[in-house]
S.K.: 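Below is a structure I'd like to ask you about.
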There are 2 protein chains.
Amino acid sequence: MVQNIYNQSCTHLLAVDCIIFGYLQDELKLLLFKRRIEPAKGQWSLVGGWVQDNESVEDAAYRVLYGITGLKDLFLEQVQVFSEPDRDPGGRVLSVAFYALIRIDKQDEELIKKNSSSWFAISKLPKLIFDHDKMLEKALEKLRKKASIELIGRQLLPEEFTILQLRKLYSAIFQREFDPGNFRKKIMSTGILKRLDTKDKSMSKKGAYYYTYKDRSEDLFTDHIVRYL
Amino acid sequence: MVQNIYNQSCTHLLAVDCIIFGYLQDELKLLLFKRRIEPAKGQWSLVGGWVQDNESVEDAAYRVLYGITGLKDLFLEQVQVFSEPDRDPGGRVLSVAFYALIRIDKQDEELIKKNSSSWFAISKLPKLIFDHDKMLEKALEKLRKKASIELIGRQLLPEEFTILQLRKLYSAIFQREFDPGNFRKKIMSTGILKRLDTKDKSMSKKGAYYYTYKDRSEDLFTDHIVRYL
DNA sequence: GCAAAAGTGTTCATAATACACCCATGT
DNA sequence: ACATGGGTGTATTATGAACACTTTTGC
């Protein structure tokens, strides 16, 4: 028991669970993990861990993510707390859900394998334990909200990418098609992207220019990208 | 110590803190509470309490709110967890912040007094303890987001109100003026409000019609109210 | 030359903004 | 009769959606 001056005792275990999004081969993907402890041992679960004594829940989430992907710099945002008394049959466990965006091309593949975790397309997920489905749903909602008001992709796509790739990412997130012309105009009007001189010829004979994010330009744009709801 | 099958011990106390918004006399207000325990005894704090063993954090927030306002039906939404290890000098306390919208005309004034709590205009707040300022800031952000995509007011204004009152509420929330004509048109276009036959003559000689929310109409409207950011 | 994707331009509908103007009435 | 807020209408501009059209180049 940790010391405190309140006349209270600890009754809840505290965990974090991470909804880890990645993007590969035109699909939004989720990193899952084969649970190694009872209950529900061997079933697929979100990547999670206990919160230590001397760290914030954010610290814990970063630590857990580093442990499984080898990445230190990644986007992380709190989703919400899940605290139904019976959510975990193993005890009274409170879990803080986070969602993370990671670039699959940067991750440590060995580490992922060693941790018996793997990527699943968001449309072909296995059954998840406990209330992890609900966590995913909330995280997706938050991701959509974020993507609708700012240009995401920096955290998910490779350093250099085409507008087509970006558009497909948005299609994956919102589960709908975007008009190629209008999408391009909208994106370019933000002034966030910089065109490079190189082209990707894998998709067409003409070739599509590669783009990158300009440095530190996230703050100059404030309009919406997609209107949804 | 609560029983669990994990090889873990409890190290965090768990609390909820509520950012309680109300609206009175053209001002957005916050219900604060004079802290009765050390540390920071006697200072102003958000309304909070411990999470019991057998309840979710939402349950705890409702219980705390009922205890201080006497109200059972009120709007409540989770903001986020605050968990910096040193946020509370009294011990390792994790707090889940919620914001609530309540109708000041419905509250139990006696109870509020008895609890040594009182309403403060959002623009004239006293210094708050710990990280409660940060909690308020995040809650306000969430409230603005909510108000920008749906018509709030049902939870804050009296049963019958004028468009002017609603506009002033929005002005208070967003800290800016809205064009009276355009605001009215926008609001009326939602079809959520119903005009009554009575008028409020306190503000003008002509008198302004009272309006109420139609029953169960929150779901039919999906557009934005205010564009912000 | 043609197919296929890249990229640009044009048109139309809708929505946000600014603001002029009439209305009702207590003093 | 006039000042005051209530309420309506209109002109202007900005934005989004649909889609036609031009460009490039491997085959």
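Proteins get letters first, then strands, A, B, ... in listed order; numbering begins at 1 in each. Side chains are part of it too, since the values below use all heavy atoms of this structure and drop only hydrogens, waters and symmetry mates.
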S.K.: Donor-acceptor pair under 3.5 Å: do we get one between K185(A)'s side chain and the base of dG9(C)?
M.R.: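 Yes, the side chain and the base share a sub-3.5 Å donor-acceptor pair.
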
S.K.: Please report the distance, rounded to the nearest Å, between CG in D200(A) and P in dA6(C).
M.R.: 8 Å

S.K.: Tell me if the side-chain of K205(A) makes a donor-acceptor pair with the base of dG26(D), cut-off 3.5 Å, by modelled atom types.
M.R.: no

S.K.: Any side-chain N or O of R184(B) under 4.0 Å from OP1/OP2 of dT8(D)?
M.R.: yes

S.K.: Have a look at L164(A) and say if it touches a base, only the backbone sugar-phosphate, or nothing, with a 4.0 Å heavy-atom cut-off.
M.R.: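 Since only primed, P, OP1 and OP2 atoms lie under 4.0 Å of L164(A), the category is sugar-phosphate.
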
S.K.: Tell me which nucleotide among dG6(D), dG7(C), dG9(C) gets nearest to the side chain of M203(B).
M.R.: dG6(D)

S.K.: Mark yes when over 12 heavy atoms from residues, nucleotides or ligands other than K142(A) sit less than 6.0 Å from its NZ; otherwise mark no.
M.R.: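 It does: K142(A) NZ has more than 12 such atoms within range.
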
S.K.: Rounded to whole angstrom units, what separation is found between the CD1 atom of I163(A) and the P atom of dG7(C)?
M.R.: 7 Å

S.K.: Give the nucleotide from the list dA18(D), dG26(C), dG7(D) with an atom nearest to the side chain of K201(B).
M.R.: dG26(C)

S.K.: Base, sugar-phosphate alone, or nothing: which one does G207(B) contact when heavy atoms must sit under 4.0 Å apart?
M.R.: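 Sugar-phosphate: the residue G207(B), judged by heavy atoms under 4.0 Å, touches backbone atoms but no base.
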
S.K.: By nearest atom, which of the nucleotides dA24(C), dT10(C), dA6(C) is closest to the K206(B) side chain?
M.R.: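 When the side chain of K206(B) is considered, dA24(C) is the closest of dA24(C), dT10(C), dA6(C).
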
S.K.: Work out which heavy atom in I152(A) is nearest to a heavy atom in L169(A); give both atom names and the distance.
M.R.: O-CD2, 4.4 Å

S.K.: The test is salt bridge (charged side-chain N to carboxylate O under 4.0 Å, His left out); show your working for E150(B) and K146(B) and say whether it passes.
M.R.: CA-CA 6 Å; E150(B) 63 186 281; K146(B) 180 181 167 67; 3.3 Å; yes

S.K.: Once rounded to the nearest 0.5 Å, what's the spacing between atom CD1 of I19(B) and atom NE2 of H132(B)?
M.R.: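 If I round to the nearest 0.5 Å, the distance is 8.5 Å.
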
S.K.: Rounded to whole angstroms, how far apart are CG on L166(A) and C1' on dA6(C)?
M.R.: 15 Å

S.K.: Just how far, in rounded Å, is C1' of dG5(D) from CG of D179(B)?
M.R.: 14 Å

S.K.: Whole angstroms only, please: what is the CD1-C1' distance between I187(B) and dA15(C)?
M.R.: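 Going from CD1 in I187(B) over to C1' in dA15(C) covers 15 Å.
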
S.K.: Could you tell me the separation between the NZ atom of K199(B) and the P atom of dT25(C), rounded to a whole number of Å?
M.R.: 6 Å

S.K.: Would you mind reading off the distance between D26(A) atom CG and dA5(C) atom P, rounded to a whole angstrom?
M.R.: 13 Å

S.K.: Tell me every residue that passes ring pair (Phe, Tyr, Trp, His ring centres under 6.0 Å) with Y66(A), counting only those two or more places apart in sequence or in another chain.
M.R.: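 So Y66(A) forms no ring pair (Phe, Tyr, Trp, His ring centres under 6.0 Å) with any residue.
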
S.K.: If you find the nucleotide of DNA chain C closest to A208(A) and the one closest to N182(A), which residue's nucleotide is nearer the 5' end?
M.R.: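 Between the two, 5'-proximity favours A208(A).
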
S.K.: Any side-chain N or O of K186(B) under 4.0 Å from OP1/OP2 of dA16(C)?
M.R.: yes

S.K.: Measure from CD on Q165(A) to P on dA5(C) and round the result to the nearest Å.
M.R.: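 Q165(A) atom CD is separated from dA5(C) atom P by 15 Å.
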
